[in-house]
Each structure stands twice: as structure tokens, then as C-alpha cells.
Amino acid sequence: MGPFRLRILPRSFYDRDPRLVGPDLLGKILVRHQGRKVLAGGIVEVEAYLGADDPAAHASIGRTSRKSVLFGPPGRAYVYFIYGNHYCLNVSCLPDGVPGGILFRALEPLRGSEEMFKLRGLTENSDLRRLTSGPGKLAAAFGITREHDNGKDLTDSKSDLYIAEGGTLPSRVLITKRIGIKKAVEMPLRYVVAGNRFVSAVRPWSYGRPRP
């Protein structure tokens with residue numbers, strides 16, 4: 001994948017409607033530096049959340065101290081704890097004061113899989129797909145926690161967590177309904193690299209539609 005550091009996405013990339021940022025994130029690379037160790041994964045599945053007008057969005061009930069990152073500058077990590085056992089990573093979008101974000105649902109491991117297996121508590125002979133094929137899985141594989149990473153600037157060259165340009169663009173992107181939620185389930189805000197085996201458990205290409 002070439003030398004690190006890779007070219008980090010600028011803040012202006014995120015200062016847009018999440019429906020534009022979401023598909024453009026596919027093929028980009030999430031990078032974590034842990035001392036001399038580097039973990040990297042290609043982004044293959046994300047979901048957009050639109051803020052006040054989206055009943056499924058955390059920001060829909062208004063600004064609170066725990067959700068303030070979503071209302072802050074674009075390009076910040078919003079990390080929350082769910083089901084009492086795992087974290088989820090999001091990135092804020094839109095201008096400062098306007099809520100919106102992207103949930104990272106799945107990655108394709110590219111570098112540092114040995115360390116990812118340790119962080120996930122899996123043996124190294126496990127199926128590589130088990131590492132990052134879901135939002136909680138990928139957060140665990142990258143050692144992402146709310147305490148350590150919430151509010152982190154993903155556009156900062158000094159950050160140990162950032163998103164960089166990828167090597168190639170996906171040949172086909174599908175747009176589907178979001179999954180794992182109970183509100184606004186029909187909104188077509190899930191973006192997937194078609195045919196990639198590292199996406200989360202529900203296969204989207206049987207009902208998704210290609211990106212225009």
C-alpha cells in the first residue's frame with residue numbers, strides 16, 4: 001500500500017452533506033498508529049446519518065454534551081458505546097454547528113492484522129473476515145474507545161487515528177437501506193463496495209441499487 005503516512009483527507013472533504021461524503025469514503029483507508037505499529041483497513045461499508053431531520057440519528061433530539069462532537073467541526077471522531085459491549089466509530093460532517101455524520105460499518109484489513117487479531121481476542125488462524133466486518137468489530141480491531149478517541153481530529157497529521165486517500169476507487173458502489181436500526185429504516189443511506197467479502201453480515205447486493 002505504499003509508505004506511511006499516507007495523504008490524510010482534509011477537513012473540506014467532510015464539510016459536505018453526509019450523503020455525498022458516505023460513498024466518497026469507500027476505498028479510503030482508516031489508519032491507526034500504535035507506537036511503531038500501524039493498523040490499516042480499506043473502508044468498504046458506511047452509513048450516513050443526517051442530523052435533526054433523521055429520526056435514527058443521535059443528533060435528532062438536539063445537542064447534548066455526549067453528542068456535541070456531531071455538532072462540532074467536520075472531520076472529528078464521534079465514538080459511542082452500544083449494547084453494553086462495543087464501540088462504534090463515526091466521523092462528523094457538515095459545517096460547525098450543523099449535525100451530521102457517517103458510521104463506519106466494515107473495513108478490509110490491509111496492514112497490521114496480527115495486532116488486530118490480538119485486540120479482537122481471536123487466534124491468528126481465524127478467518128480474516130471476522131476481524132472488521134461490522135462496526136463493533138472494526139472498532140475493537142483498531143483499539144478504538146470513547147475515552148481515547150472521541151472528539152479526535154481525523155484530519156490532523158499528528159493524530160494516531162486518521163483517514164487517508166486509497167489506492168483505487170471501488171468499481172461499483174451500491175446504495176441500500178440502513179441496517180440494525182428501528183427508525184427511518186427505509187432511507188437509502190448505506191453505501192457498500194459491491195461484492196466485497198468484508199462487508200457486515202447482511203449481504204446488500206440482493207436488494208441494493210447502484211450509485212448513480
Side-chain angles (χ1 to χ4, degrees), residues 1-16 18 20-49 58-59 65-82 86-120 131-132 134-167 191 198:
M1 355 175 356
F4 286 84
R5 293 185 174 248
L6 302 174
R7 189 167 77 87
I8 299 175
L9 296 178
R11 194 173 313 284
S12 58
F13 177 90
Y14 306 99
D15 193 7
R16 301 180 290 156
L20 299 176
V21 178
D24 285 351
L25 276 170
L26 298 178
K28 303 300 190 290
I29 301 172
L30 181 69
V31 181
R32 164 74 99 185
H33 287 260
Q34 291 189 325
R36 296 183 177 180
K37 297 177 181 179
V38 177
L39 312 180
I43 299 169
V44 298
E45 180 186 354
V46 298
E47 287 179 344
Y49 287 86
H58 284 196
S65 59
R66 291 187 63 82
K67 301 168 185 176
S68 61
V69 173
L70 290 173
F71 291 79
R76 299 273 181 171
Y78 170 58
V79 182
Y80 61 86
F81 196 54
I82 192 170
H86 66 253
Y87 294 95
C88 293
L89 172 66
N90 302 253
V91 62
S92 60
C93 300
L94 297 168
D96 192 1
V98 182
I102 301 292
L103 168 67
F104 296 90
R105 286 200 55 88
L107 305 173
E108 178 175 349
L110 298 175
R111 182 162 173 169
S113 59
E114 291 183 4
E115 184 65 17
M116 293 184 203
F117 278 121
K118 292 178 182 177
L119 289 167
R120 286 288 323 282
L131 279 179
T132 54
K137 293 177 182 179
L138 74 86
F142 275 66
I144 293 169
T145 66
R146 181 175 175 84
E147 180 180 23
H148 182 65
D149 297 300
N150 189 57
K152 190 163 287 183
D153 187 353
L154 301 183
T155 71
D156 186 351
S157 62
K158 298 179 181 179
S159 177
D160 64 353
L161 184 68
Y162 59 89
I163 301 168
E165 290 285 357
Y191 307 98
F198 292 95

Discussion item. Restricting to non-hydrogen atoms, name the atom on Ala77 and the atom on Leu89 that form the minimum distance, rounded to 0.1 Å.
Written reply: CB-CD1, 3.9 Å
Worksheet item: Can any side-chain N or O of Asp15 pair as donor or acceptor with the backbone N or O of Pro74 at less than 3.5 Å?
Response: no
Item to complete: First locate atom OG1 of Thr132, then atom CZ of Phe198, and finally report the distance between them rounded to the nearest 0.5 Å.
Response: 6.5 Å
Fill in: Gap between atom CG of Leu20 and atom CD1 of Ile102 - 0.5 Å precision
9.5 Å
Discussion item. Closer than 3.5 angstrom, by distance alone: can the side chain of Thr155 be matched with the main-chain N or O of Arg11 as a donor-acceptor pair?
Written reply: no
Worksheet item: Shortest non-hydrogen contact from Pro109 to Met116?
Response: CB-SD, 4.2 Å
Discussion item. Side chain to side chain contact (heavy atoms under 4.5 Å, CB included), that's the test. Do Tyr14 and Leu25 meet it? Break it down for me.
Written reply: CA-CA 10 Å; Tyr14 306 99; Leu25 276 170; 4.3 Å; yes
Worksheet item: Which value, rounded to the nearest 0.5 Å, describes the distance between Cys88 atom SG and Glu47 atom CD?
Response: 10.0 Å
Worksheet item: Under 3.5 Å, is there a donor-acceptor pair linking the side chains of Ser92 and Arg76?
Response: no
Fill in: Flag side-chain contact, heavy atom, 4.5 Å: Val21 against Tyr191
no
Worksheet item: Hey, does Ile43 have a side-chain heavy atom less than 4.5 Å from the side chain of Leu107?
Response: yes
Practice prompt. Fit a plane to each ring of His33 and Tyr162, take the angle between them on a 0 to 90° scale, and name the class: parallel (under 30°), tilted (30 to 60°) or perpendicular (over 60°).
Written response: parallel
Worksheet item: So, for Leu119 and Ala141, which heavy atoms are closest and what is the spacing to 0.1 Å?
Response: CD1-O, 3.2 Å
Discussion item. Measuring only between side-chain heavy atoms, which start at C-beta, is Asp160 closer than 4.5 Å to Lys152?
Written reply: yes
Worksheet item: Of all heavy-atom pairs between Pro23 and Pro18, which one has the smallest distance, and what is that distance?
Response: CD-O, 4.5 Å
Item to complete: Please assess Arg32 against Asp149 for the test side chain to side chain contact (heavy atoms under 4.5 Å, CB included), listing each intermediate value before the final yes or no.
Response: CA-CA 11 Å; Arg32 164 74 99 185; Asp149 297 300; 2.7 Å; yes
Fill in: Separation of Gln34 CD from Leu39 CG (nearest 0.5 Å)
5.0 Å
Worksheet item: So, Arg105 side chain and Glu45 main chain: donor-acceptor pair closer than 3.5 Å or not?
Response: no
Discussion item. For a side chain to side chain contact (heavy atoms under 4.5 Å, CB included) check, start with the C-alpha distance between Val79 and Thr145, then their side-chain angles and the critical distance, and finish with the verdict.
Written reply: CA-CA 7 Å; Val79 182; Thr145 66; 5.8 Å; no
Practice prompt. Rounded to the nearest 0.5 Å, what's the gap from NZ on Lys28 to CG on Leu6? Could you check?
Written response: 12.5 Å
Worksheet item: Are the side chains of Glu114 and Lys37 in touch, meaning some heavy atoms are under 4.5 Å apart?
Response: no
Discussion item. Distance check, rounded to the nearest 0.5 Å: Asn150 atom CG versus Ile144 atom CD1?
Written reply: 11.5 Å
Fill in: Any His86 side-chain heavy atom under 4.5 Å of Tyr80 side chain
no
Discussion item. A side-chain contact here means heavy atoms from C-beta on lying under 4.5 Å apart; do Asp24 and Arg16 qualify?
Written reply: yes
Worksheet item: Which atom names give the shortest non-hydrogen contact between Pro135 and Leu103, and what distance separates them?
Response: CB-CD1, 4.3 Å
Worksheet item: Taking Tyr87 as the fixed residue, which of Phe142, Phe81, Phe104 is the one that meets the ring-ring contact (aromatic ring centres under 6.0 Å, His included) rule?
Response: Phe81
